[in-house]
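Okay, structure first, notes after.
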Protein chains: 2
Amino acid sequence: MTYEDAISALADPTRRAIIDRLRAGPAPVGTVADGLPVSRPAVSQHLRVLSDAGLVVMTPRGNHRLYSLAPTGIDSLRHYLDSLWDDALAAFQREAEALAKQKEQKK
Amino acid sequence: MTYEDAISALADPTRRAIIDRLRAGPAPVGTVADGLPVSRPAVSQHLRVLSDAGLVVMTPRGNHRLYSLAPTGIDSLRHYLDSLWDDALAAFQREAEALAKQKEQKK
DNA sequence: TATCTATGTAAGTCATGACTTACGAAGATG
DNA sequence: CATCTTCGTAAGTCATGACTTACATAGATA
């Protein structure tokens with residue numbers, strides 16, 4: 001359930017396709033698999049990974065199981081990226097200033 | 001240079017370690033490799049991937065090459081996650097409302 | 001120019017993980 | 001109770017990619 005789990009979970013294209021399907025709303029495994037070029041067990045395994053990463057939650061509905069997006073895992077990733085973003089921006093600004101000072105000296 | 005490139009680039013632990021090193025400031029390949037348990041060519045290859053993903057930029061400095069964080073690739077990932085976050089939150093709220101209505105009927 | 005430093009690339013090895021089919025379990029339905 | 005639906009898990013296959021060593025190149029330096 002760390003942000004690292006979320007990243008490696010989202011790194012797979014098939015899993016991103018599953019996430020995309022769930023953006024429209026909750027769906028059972030079979031329905032998700034119907035819209036994808038992989039087998040149903042494959043989707044099942046992917047949903048397991050997504051669930052472990054906190055990106056998806058499952059709620060039993062009688063015979064089947066509804067999967068829906070979960071904010072938790074996504075949030076941890078957002079925090080990591082925001083922090084990284086700050087540092088990258090700072091590095092970029094420092095470099096820009098250094099470049100400006102370099103030009104200044106050439107005057 | 002898409003957000004998908006950025007995700008799969010950040011999915012690797014070694015590459016995240018390289019990124020972490022660069023958060024402290026720009027560094028040449030050798031310096032980065034010294035702080036890691038992998039060989040210098042491995043770091044070189046990773047930096048190539050990070051560069052292709054727009055997460056890192058290289059600036060030649062005489063004999064060596066300085067690598068530093070780049071905001072571009074990070075930003076694309078942030079946009080994707082923000083959008084995903086919105087949908088996840090909406091799904092979560094719908095589910096909460098449905099649950100509340102369910103409880104209401106049980107009264 | 002000869003050499004040392006700093007780096008990228010080539011080629012090959014090996015582990016991880018994404019996929020398949022086969023099977024078993026749990027709830028709905030006749 | 002028997003069967004159908006919906007799903008998860010086990011076992012095995014195969015491709016991707018992370019790593020290594022060996023080699024080639026470009027700039028600094030004596």
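Throughout, a chain's letter reflects where its sequence line sits, starting with A, and its residues are numbered from 1.
Between B:Tyr67 and C:dA6 there is no side-chain N or O to OP1 or OP2 distance below 4.0 Å. In this structure, A:Ser39 does not reach the C:dC19 phosphate: none of its side-chain N or O atoms is under 4.0 Å from OP1 or OP2.
Within the structure, every pair that satisfies the salt bridge (charged side-chain N to carboxylate O under 4.0 Å, His left out) test and touches residues 65-76 of chain A, not counting sequence neighbours, is listed here: A:Asp75-A:Arg78. Residue pairs satisfying the ring pair (Phe, Tyr, Trp, His ring centres under 6.0 Å) criterion with at least one member in residues 2-61 of chain A, sequence neighbours excluded, are listed as follows: A:Tyr3-A:Tyr80. For residues 21-30 of chain B, the set of pairs meeting the salt bridge (charged side-chain N to carboxylate O under 4.0 Å, His left out) definition, not counting sequence neighbours, comprises A:Asp87-B:Arg23, B:Asp20-B:Arg23.
Across A:Ser68, A:Ser51, A:Pro26, a single residue satisfies side chain to side chain contact (heavy atoms under 4.5 Å, CB included) together with A:Val57, and that is A:Ser68.
Rounded to whole Å, atom P of C:dT16 lies 16 Å from atom CG of A:Asp5. Here C:dG8 presents its P atom at 11 Å from CG of B:Leu66, a figure rounded to the nearest Å. Atom CG in B:Asp12 sits roughly 11 Å away from atom P in C:dG17 (whole-Å rounding). Per the geometry, CZ belonging to A:Arg40 stands 7 Å off C1' belonging to D:dG8, to the nearest Å. Whole-Å rounding puts the B:Met58 CE to D:dG27 P distance at 12 Å.
Under the side chain to side chain contact (heavy atoms under 4.5 Å, CB included) criterion, B:Ala90 pairs with B:Arg94, sequence neighbours left out. Applying the side chain to side chain contact (heavy atoms under 4.5 Å, CB included) test to B:Thr59 and every residue at least two apart in sequence or in another chain returns A:Glu95, B:Arg61, B:Leu66. Under the rule for a side chain to side chain contact (heavy atoms under 4.5 Å, CB included), the partners of B:Ala33 that lie at least two apart in sequence or sit in another chain are B:Arg40, B:Val43. Remark: A:Asp12 engages no residue in a salt bridge (Lys or Arg N to Asp or Glu O under 4.0 Å) (not counting sequence neighbours). With sequence neighbours excluded, the residues that form a side chain to side chain contact (heavy atoms under 4.5 Å, CB included) with B:Ala9 are B:Arg15, B:Val49, B:Leu50, B:Ala53, B:Leu55.
In the helix from C:dT1-D:dA30 to C:dG30-D:dC1, the end axes, each obtained as the rotation axis mapping the C1' atoms of four pairs onto the next four within a five-pair block, lie 20° apart to the nearest 10 degrees.
For the segment residues 43-55 of chain B, residues with any heavy atom less than 4.0 angstrom from an atom of DNA chain C are, sorted by number, B:Ser44, B:Gln45, B:Arg48. Near DNA chain D, meaning a heavy atom under 4.0 Å away, the residues from residues 13-36 of chain A are A:Pro28, A:Val29, A:Gly30.
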Begin with the C-alpha distance, continue with both residues' side-chain angles, and end with the deciding distance and a verdict on side chain to side chain contact (heavy atoms under 4.5 Å, CB included) for A:Asp5 and A:Asp52. CA-CA 8 Å; A:Asp5 294 330; A:Asp52 286 347; over 6 Å; no
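Listed candidates were C:dA22, C:dA6, D:dT20. Nearest to the side chain of B:Val38 is D:dT20.
Atom CG of B:Leu84 is separated from atom CG of B:Leu89 by 11.0 Å, given to the nearest 0.5 angstrom.
Residues B:Leu22 and B:Ala27 share a closest heavy-atom pair of CD2-N, 4.0 Å. Nearest heavy-atom pair across B:Arg16 and B:Ala11 is NH1-O, 3.2 Å.
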Distances under 3.5 Å only, N/O to N/O: pair up the protein atoms with those of nucleotides 25-30 of chain C.
none

